[in-house]
Every structure is written in C-alpha cells, then in structure tokens.
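Worksheet for the structure shown next.
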There are 2 protein chains.
Amino acid sequence: MSVTMRDVALLAGVSNKTVSNVVNDHPHVHPTTRARVQQAIADLGYRPNLSARGLRSGRTGVIGLAVPELRQPYFAELADAVIAAAERRHLSVIIGQAGADREHEMAVLTRGLRQTDGLLFSPEHLGTEDRGLLGDVEYPLVLLGERIFGGPSDHVTMHNVEGARAAVEHLLGLGRRRIAVVGAHPDRRTGQLRPSDLRVQGYREALDSAGVPQERRLERAVAPWHPENGADAMRELLDSGLEFDGVLALNDSLGIGVLRALGKAGRRVPDDVAVIGFDNIADGRFTTPSLSSVDPGRDEIAETAVAMLVERIESGSGAPRAPRLHKAAFHIVARESTGGHDEEPLRHGATGEPAEG
Amino acid sequence: MSVTMRDVALLAGVSNKTVSNVVNDHPHVHPTTRARVQQAIADLGYRPNLSARGLRSGRTGVIGLAVPELRQPYFAELADAVIAAAERRHLSVIIGQAGADREHEMAVLTRGLRQTDGLLFSPEHLGTEDRGLLGDVEYPLVLLGERIFGGPSDHVTMHNVEGARAAVEHLLGLGRRRIAVVGAHPDRRTGQLRPSDLRVQGYREALDSAGVPQERRLERAVAPWHPENGADAMRELLDSGLEFDGVLALNDSLGIGVLRALGKAGRRVPDDVAVIGFDNIADGRFTTPSLSSVDPGRDEIAETAVAMLVERIESGSGAPRAPRLHKAAFHIVARESTGGHDEEPLRHGATGEPAEG
DNA sequence: GTGAAAGCGCTAACAT
DNA sequence: ATGTTAGCGCTTTCAC
C-alpha cells in the first residue's frame with residue numbers, strides 16, 4: 001500500500017542503501033545516481049516511514065515541551081517560540097500540559113513524553129526538594145524556569161532577581177516610594193527558588209539600595225498568577241487603606257488584573273499609581289493604559305533551550321558534560337502604566353474599507 | 001541497553017506475546033500470569049518502544065494540530081482544549097504553526113505532520129479554491145474553521161453567521177442603530193467562506209431584520225486580526241467623521257484594539273459606543289471595560305474534532321463514510337462593553353499577605 | 001561509490 | 001490461555 005524505500009530502489013535501479021544515502025544527504029553519492037534516485041522518489045511520492053527510522057536509529061526527530069497550561073499567554077508565546085526554533089532544526093514538538101498537579105508533573109518527569117528524543121520541562125509544582133528525581137532521569141532534559149536549581153540538568157531561565165530589581169528601580173526613578181508587590185507566594189518556605197521568591201528578592205534589593213524602607217504589608221500573596229487573582233489582591237490592598245504609589249506585578253497576567261481593579265476603584269494610572277508587570281506578553285500592549293513590563297527574552301530562552309537539548313541528544317550519554325545554566329538578557333519596556341508614551345503601533349497588515357469585488 | 005519486551009518475558013517466564021497481551025490490556029490473560037508479568041515490568045522498568053509499535057501496527061498514537069500561530073490567544077486556548085481531549089484518549093499532540101503563508105499551509109496539508117496518525121487542520125490562507133487538494137489527502141483529516149467548505153473532509157466549526165447576527169441583535173437591543181463592523185476581509189472575492197465573510201453576513205442579516213439600513217463605510221477591513229490593526233481601523237473610523245454607537249469586532253483581539261483606540265480618543269464605552277467581540281478569549285474579561293463577546297464553544301469544538309479524527313483513524317480507509325459537519329453551540333456573553341455588569345470574578349486561589357515562615 | 005544482509009522491538013497470524 | 005514465527009521499513013555494518 002504505501003511506498004517503501006525498496007520500491008524507490010527498484011525503480012531507480014539501485015540498492016536500498018543508496019536510496020537511504022540520498023534521503024539522508026550523505027556525501028559520497030554520485031550526482032547522477034542521486035538525481036536518478038530523487039526522480040524515483042518524486043515519481044512514486046515516496047516518504048520515509050519515521051517509525052521505522054526511529055526504531056532503527058533510536059531517534060524520533062520529536063522533542064517534548066511540558067508546560068503548566070498552554071492557555072496562559074506566557075506559555076503560549078514560549079511554545080510558539082520553541083516550535084519555531086525546533087522547526088529550524090527539522091524537529092517536531094509534542095506539547096504536554098502538566099500543570100494540573102504535582103503528580104502529573106512527576107509522571108511527566110519520570111516517564112518523559114512519549115515518542116520523544118528529549119524534553120523541555122517547565123515545572124510549576126516541583127521544587128528544589130524534588131531535585132533527587134532529576135538524577136534518575138535517563139533521557140536528555142533541559143529545565144525551563146528556576147524552581148529546581150543545582151540539579152544535574154541543563155537549565156535555561158531569566159534574570160528574575162535582576163529584572164524585578166530593575167523594574168522597581170524604574171518605579172523609584174519616577175519618584176515613587178510606596179511600592180507594593182503583587183504575586184508573592186502564600187507559603188513562604190525558605191530555600192524555595194520560585195520565580196515569585198526571586199522576584200520579591202529583587203524588589204527588596206531595589207528598595208534597600210535606594211534606602212526606602214520595606215513594608216511587609218505591601219507584599220501581597222497571590223497564587224496562581226491569573227488576572228482575577230491580581231484584581232482580588234489589588235482590591236484587598238485598596239481596602240486595607242495602606243498608601244502606595246507604585247505596583248510591581250510579578251507577571252503581566254497579574255498586572256492586567258491590577259490595572260483593572262485600579263481602574264474600577266477610580267485610581268488613575270500612572271498618575272496616582274504606576275504599575276509595571278513582568279514577562280512582556282503581547283496583551284500588555286493593548287490594555288488601557290498599556291502595561292510596562294520586564295521583557296525576559298522569550299525568544300532567546302526558546303532558542304537556547306532547544307539548542308542545548310539538541311546537543312544533549314546528539315552527544316548521547318557518551319560525553320556526560322557538566323550541567324549548564326543560561327540566563328537570557330532582559331530589558332525594561334516602559335509603556336503608559338509607568339508614564340512611558342505609547343509605542344507607535346506596528347502596522348501588520350491592511351486596514352480600510354473592504355474592496356468590493 | 002534499554003529494556004525490551006523480551007527481557008520482561010524471560011524474567012516472567014512467559015513468551016513475548018503474553019507480555020504484549022498484558023501491556024495492551026488484552027483479555028484472555030490469566031490473572032496470575034498478568035500479575036507476574038506486571039511485576040517483571042515494574043522490576044525492570046520496562047517501557048514499550050513506541051517506534052517499534054508504530055512500525056508494526058501502523059499507528060503512532062500521535063495526532064497533529066496545525067494552527068496559524070499559537071501566540072494568538074484563540075489558538076492557544078484551542079490547542080489547550082485539543083491537548084486535553086487527546087490526553088483523555090491517551091493520544092499525544094504535535095503542534096505545527098503553518099500560518100506564515102499559503103505555501104506553508106499547502107505543505108502541511110499535502111504532507112501532514114510527521115509521525116502522526118491524523119491531522120486537525122485550521123487553515124488561514126487556503127480557501128475554497130484549494131478544495132481539490134483535499135481530495136488527494138490520504139490520511140485522516142478533520143478541518144477546523146470554515147475556509148474550505150463542501151470538500152470531502154470532516155469539518156468542525158462554529159456558528160459564525162448566527163453568532164455575529166446574535167451579537168448585532170444584542171447591540172440593537174441596547175438601542176444602537178449605527179453599528180460598525182471591524183475585521184472584514186480587504187479582498188472581498190465572492191465565493192469565499194472566510195470567518196470574516198460569514199460574520200459580516202450575520203451582521204448584515206441582523207441589520208436587515210431590524211430594518212436598519214446597511215452602510216458600507218461602517219464595514220471596516222482589517223487583516224490580520226491583531227489588536228494593533230483593530231486599533232488602527234478604529235482610529236480611521238473615528239477620523240472619518242462617520243457617526244456610530246456600536247461596534248462588532250469580528251474577534252476579541254480586534255475588539256481589544258478597538259477598546260483601546262476608543263479609550264484614547266475619549267469615547268466612553270458603552271455609553272458612547274457599545275462594543276462586542278467574538279471568540280470569548282480569557283483576555284476579554286480583564287480589559288477596561290471588560291469585553292462582551294460571542295462564546296463559540298471552544299471545548300465542544302476541540303472534543304468533537306478529536307472524536308471525529310479518532311473515528312476516522314480507527315475506521316481506516318475501510319468504511320469511507322460521508323464527510324460530516326459539526327457546528328458547536330454558541331452564546332452571547334454580556335460584559336461591561338455592552339452595559340452588562342461585571343461578572344463576579346472567580347477566585348482561583350489564595351490571596352492575602354504571604355505567611356512568613 | 002555502491003550492494004547484501006542483519007536486525008532494531010514490537011504485534012498479528014497462526015498454532016497449540 | 002499461551003507460544004512460535006514472521007516481518008513492519010529503515011539504517012548500519014561490512015563487503016566489494
């Protein structure tokens with residue numbers, strides 16, 4: 001029924017091996033032979049059976065990406081970038097959503113994603129205490145995010161501390177002194193390296209360097225990082241009667257909720273309260289006012305993570321090199337919510353009245 | 001190096017076949033034998049080689065999902081739902097982004113996604129004129145969206161005409177009579193069945209039924225459907241001096257841009273202009289004001305599409321049944337942008353001050 | 001530069 | 001209820 005390599009070989013009058021050489025771009029194939037084989041491939045519409053190739057070679061050409069939830073804009077944008085980076089290397093990407101609970105994440109980590117050569121894993125529940133699990137992982141693995149540091153795996157992450165610090169310095173530079181932070185983790189166990197803890201650390205460092213006193217009641221706990229929870233936290237802060245003139249939202253989803261709660265409460269942004277988020281998701285450009293943010297280098301993260309994973313896959317378990325850590329470059333994007341002027345909107349296509357036709 | 005079925009069979013003192021039966025949950029295995037085999041599997045940490053299974057059985061257990069761009073919130077939410085629906089059936093999902101251009105989509109359609117048993121395909125560029133291509137497709141295929149109607153493929157889509165019509169009726173019910181539509185296709189060739197054309201049709205039908213005259217200049221062309229382009233179109237409409245008191249944005253991304261442009265121009269929503277979008281993406285709940293929308297039944301679309309694809313896969317080419325069409329149920333979600341009161345925000349987790357510890 | 005043969009790990013068909 | 005055999009389509013030796 002389907003065309004096999006053997007059919008191509010017969011039509012081209014060569015052996016299996018030669019067809020394989022042509023398909024895999026091996027050198028040492030006579031140009032004439034190559035052309036004849038390619039013609040036969042085209043004539044028959046031959047396409048290699050990837051299961052057979054996978055069985056024989058031990059490689060599937062597929063990598064896995066495990067994220068908590070694809071519907072969170074940050075992860076959708078990350079997945080977009082990972083798929084693009086993988087495609088450049090002729091790899092496909094299977095996406096798994098593991099954020100439901102801890103068990104789900106452990107299952108993904110121990111078993112990997114089916115049918116893949118390696119895994120990019122962005123955990124939400126697993127933490128440093130699960131580091132031991134990583135030692136047992138037998139497939140190529142690159143971690144995204146920072147919940148599990150110091151393990152035996154490659155690691156690609158962002159400048160959480162420095163980014164948050166720069167964001168607060170941006171607010172301080174606007175003359176704000178009573179700066180709240182929204183998104184701290186409700187359970188502040190020590191030794192955890194959650195993004196929230198690292199970003200709170202950057203927040204505190206910035207205040208300390210500027211000689212601005214810290215105030216614990218301005219650090220608001222929120223989990224998970226969804227807009228509704230950001231809005232709730234902001235309402236609670238408003239109700240508390242505490243004064244504040246700046247807010248660091250620990251990600252943009254929270255920031256969008258914060259903007260909304262402020263707007264509904266009649267606080268003007270940025271005049272009364274300046275707000276900055278984190279992640280620079282696309283949505284932040286179209287809120288009213290538009291949301292300043294820390295751009296964490298999403299494309300660099302995706303590209304580096306895929307490159308590292310490919311290296312691990314290609315080196316096999318042969319040359320066990322030391323685990324690497326890469327932190328992508330970040331920068332502050334000042335939009336209206338911190339008094340920046342609106343970016344000139346890029347025109348991505350046609351607008352106007354439709355042409356009748 | 002890795003554990004094979006043979007190793008398990010030897011340890012359990014049974015044959016390959018029995019191990020296979022256990023692994024695949026076949027009936028007719030003695031409970032005692034089954035237990036012994038399962039113990040051996042656990043002891044050795046055996047995991048089936050899916051490439052081998054795929055080669056032998058002709059099934060990979062992986063389906064493909066091709067969307068224009070994952071970073072568009074609608075497609076991210078759709079992919080989320082598709083992955084969840086596939087997981088319930090123990091299938092994995094490879095995601096491909098094909099929206100770059102027409103050639104890319106044709107390549108995906110003719111070749112499928114590698115290593116998959118079938119494809120869910122949501123085209124952005126291919127249209128009815130490419131229907132012929134579908135006849136040549138030899139793998140199980142389910143189309144999402146409505147660009148290619150009347151072909152030989154199964155099809156899952158939404159009530160574009162009816163949804164848009166209901167949205168406009170909602171605006172008419174508020175007493176609005178000068179209703180603009182943002183997102184018509186710039187090139188209005190006839191015979192096209194793009195979402196934009198269908199939604200514009202619903203818009204016109206609603207006006208006609210209410211005896212409100214159509215006005216072509218209130219139909220604004222925008223492509224692609226990104227917020228910046230929605231904002232541009234709204235600015236142009238404002239600059240044109242035309243009067244209007246209602247806007248149907250043909251999707252929520254456009255709607256978000258429309259809200260922003262109206263806000264910047266000092267128009268109050270919904271007092272001066274009522275706005276409704278389409279797709280009911282999560283972002284619309286947190287704009288200021290929140291965005292009313294048409295909920296197109298995303299989960300139903302995903303679930304139905306996966307179910308149809310699985311049927312096609314399992315029936316093989318044996319029983320070529322007639323192509324099916326499924327339209328998911330829709331409903332109007334009235335939020336602030338059409339005078340609805342804000343939904344009570346759902347509390348999805350903890351907020352408050354972090355516990356020190 | 002090309003061919004012949006072996007075998008990757010599994011399941012389907014048939015046998016018992 | 002379990003065993004035996006064959007072979008899916010490819011790549012990888014190893015010849016020549």
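Chain letters run A, B, ... following the sequence lines, proteins first, then strands; residues in each count from 1.
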Report the distance from atom CG of A:Leu55 to atom C1' of C:dT11, rounded to the nearest whole Å.
12 Å
Judged by atom type as modelled, is there a donor-acceptor pair below 3.5 Å linking the side chain of B:Asp7 to the main-chain atoms of B:Thr4?
yes
Charged N to carboxylate O under 4.0 angstrom, B:Asp117 versus B:Arg59?
no
Is a side-chain donor or acceptor of B:His155 paired with a backbone partner of B:Gly145 at a separation under 3.5 angstrom?
yes
Whole-Å distance separating the NE2 atom of B:His30 from the P atom of D:dG3:
13 Å
Roughly how many Å is it from CZ in B:Arg59 to P in C:dC10, rounded to a whole number?
18 Å
Please answer whether the main-chain N or O of A:Ala282 pairs with a side-chain N or O of A:Glu77 as donor and acceptor at a distance below 3.5 Å.
yes
OP1 or OP2 of D:dT2 versus the side-chain N and O atoms of B:Thr18: is any pair under 4.0 Å?
no
Counting distance only, does the side-chain N/O of B:Asn49 pair as donor-acceptor with the main-chain N or O of B:Ser51 below 3.5 Å?
yes
Which of D:dA1, C:dG3, D:dG3 is nearest the side chain of A:Ser15? It is C:dG3
Please confirm whether the backbone N or O of B:Gly54 pairs with a side-chain atom of B:Thr60, one donor and one acceptor, at under 3.5 Å?
no
Give one of base, sugar-phosphate or nothing for B:Thr33, where a contact means two heavy atoms less than 4.0 Å apart.
sugar-phosphate
Where protein sits on nucleotides 10-16 of chain D, one letter per nucleotide: B base, S sugar-phosphate only, - none, heavy atoms under 4.0 Å:
BBB----
